[in-house]
Amino acid sequence: TTFIDTKDAFTQFDVMAFVFVRFGLMTIMAFAILGVIYARNPGTSSIPRRSDLARFVAAGLAGFTVYQLGFNLGLDRTSVFSASLLISTSPLFTILILTLVGERPPAAAWIGVAIAVIGVAIFLSDQQGGENSTLGNAFCIMAAAAFGLYGVINRPLFANYPAATYSAWTLLFGGVPLMLAGIPAVLDQDWSALTSRGWLAVVYMVIFPVYIAYILWNYGIARRGAAIATSFGLLVPVIAGILAVLI
């Protein structure tokens, strides 16, 4: 649903103005939730340890800054199905990264990813959407690589910190660069032209696709391993494609 909702929002928002509002609200919400949890349980680990600070920053930059730039700029320049298909190749990058750091992903993961990559290659070979679609597809592949890296970087954080803690701080470290990049678009945006539908799109995108979905995603990675868990991302283009046709 993220792809459809965002694509619709771009009919009213400048891409980076949308990103600015969305991540500003998400960061506020994430720290408000963390504050409530800490107030109820003062023993909660609510601040990153100095030894983990670099990993928090890296996770924020990969999982939010680079990924969201690729996602939003890519989706703005290509179709819902193309974007969802290309971004779903993130398991390929996860497996490659795991292999480089010395882990051995199971054979089933390699087989699944190989089939997916062949499918993507066939799809791209038949693309004739012009220069704009080519650039959009490139942004989507960049997003896939960043999200694959994010899944590997973030694993120790999920194991050692509450979900509210790592969500809030990675959002902060990844969201600030996005908001800084979006300031010019915010100044140029015609805010009076926005409808209630546009604002509802923002509210939905603040709560569900990133804050809640990222927590569930990291839970899956922690329980099933990065290679297997990220392979379920291959269902995204199937579901997104069907919903795009219906909606």
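Sequence positions, counted from 1, serve as the residue numbers for this chain. The model shown is predicted, which means the values in this text are computed figures rather than measured ones.
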Ala201 versus Ala9, closest heavy-atom pair with distance: CB-CB, 4.0 Å
Donor-acceptor under 3.5 Å (Lys7 side chain, Leu75 main chain): yes
Given side chains that start at C-beta, do those of Gln189 and Val21 come closer than 4.5 Å, heavy atoms only? no
Output for pair (Tyr219 OH, Arg224 CZ), nearest 0.5 Å, gives 11.5 Å
Under 4.5 Å between side-chain heavy atoms, hopping through other hydrophobics if needed: is there a path connecting Val15 to Ile183? yes
Tell me if a side-chain donor or acceptor on Asn154 pairs with a main-chain N or O of Tyr150 at a distance below 3.5 Å. no
Would you say the side-chain atoms of Trp169 pair up with the backbone N or O of Leu53, donor to acceptor, closer than 3.5 Å? no
Given 3.5 Å as the limit, does a donor-acceptor pair link the side chain of Thr65 with the main chain of Gly174, or not? yes
Using a 4.5 Å cut-off on heavy atoms from C-beta on, say whether the side chain of Phe93 contacts that of Ile141. yes
When you measure from the side chain of Asp76 to the backbone of Asn72, do you find a donor-acceptor pair of N or O atoms at a distance under 3.5 Å? no
Do Arg22 and Gln68 have side-chain atoms, one donor and one acceptor, less than 3.5 Å apart? yes
Between Ile37 and Ala164 the two heavy atoms that sit nearest each other are CD1-CB, 3.5 Å
Does the side chain of Thr134 reach to within under 4.5 Å of the side chain of Arg77, using non-hydrogen atoms? no
Considering non-hydrogen atoms only, spot the tightest contact between Ser46 and Tyr38 and give its length. OG-CD1, 3.6 Å
Between CG on residue Asp14 and CG on residue Asp190, distance to nearest 0.5 Å: 11.5 Å
When you group the ILVMFWY residues by side-chain heavy-atom contacts below 4.5 Å and let the links chain together, are Ile212 and Phe23 in the same group? yes
Mind checking the CG-CZ spacing from Leu25 to Phe20? Nearest 0.5 Å is all I need. 9.5 Å
Side-chain heavy-atom pair Phe139, Leu69 within 4.5 angstrom cut-off: no
Using salt bridge (charged side-chain N to carboxylate O under 4.0 Å, His left out), reason through Arg55 and Asp52 one step at a time and then give a plain yes or no. CA-CA 5 Å; Arg55 187 175 290 272; Asp52 292 328; 5.4 Å; no
Classify the angle between the aromatic ring planes of Trp191 and Trp199 as parallel (below 30°), tilted (30 to 60°) or perpendicular (above 60°). parallel
With Thr94 as reference, evaluate Leu92, Leu98, Leu96 under the side chain to side chain contact (heavy atoms under 4.5 Å, CB included) test and give the passing residue. Leu98
Quick one: does any side-chain atom of Thr78 pair with a main-chain N or O of Gly74 as donor and acceptor, under 3.5 Å? no
Within the 4.5 Å heavy-atom criterion, are Phe31 and Leu172 side-chain neighbours or not? yes
Are Phe18 and Val202 side-chain neighbours, meaning at least one heavy-atom pair lies under 4.5 Å? yes
Can you tell me how far the OG1 atom of Thr27 sits from the CG atom of Leu178, to the nearest 0.5 Å? 9.0 Å
Does Val186 belong to the same Ile/Leu/Val/Met/Phe/Trp/Tyr cluster as Val176, with side-chain heavy atoms less than 4.5 Å apart forming each link? yes
Are side-chain heavy atoms of Leu171 and Met29 found at a separation under 4.5 Å? no
What are the two closest non-hydrogen atoms of Ala62 and Ile153, and how far apart are they? CB-CD1, 4.4 Å
Pair Tyr67-Phe147, ring-ring contact (aromatic ring centres under 6.0 Å, His included): steps then yes or no: CA-CA 6 Å; Tyr67 172 73; Phe147 201 69; 4.8 Å; yes
If you take all heavy atoms of Ala144 and Leu86, which pair is closest and at what distance? CB-O, 3.6 Å
Donor-acceptor pair, distance only, cut-off 3.5 Å: does the side chain of Ser88 make one with the backbone of Leu85? yes
Option among Phe158, Tyr161, Phe173 that satisfies the ring pair (Phe, Tyr, Trp, His ring centres under 6.0 Å) test with Tyr166: Phe158
When rounded to the nearest 0.5 angstrom, what is the spacing between CG in Asn137 and CE in Met142? 13.0 Å
Applying the 4.5 Å side-chain criterion to the ILVMFWY set and letting contacts propagate, would Ile247 and Val203 be lumped into a single cluster? yes
With a 4.5 Å heavy-atom cut-off, do Phe208 and Asp5 have their side chains touching? no
State, to 0.1 Å, how close Met26 and Val206 come at their nearest heavy-atom pair, and which atoms those are. CG-O, 3.4 Å
Are Met179 and Phe10 connected into the same hydrophobic cluster when the rule is that any two of I, L, V, M, F, W, Y join if their side-chain heavy atoms are below 4.5 Å apart? yes
We want to know whether Thr1 and Tyr204 form a side-chain donor-acceptor pair, criterion being a heavy-atom distance below 3.5 angstrom. yes
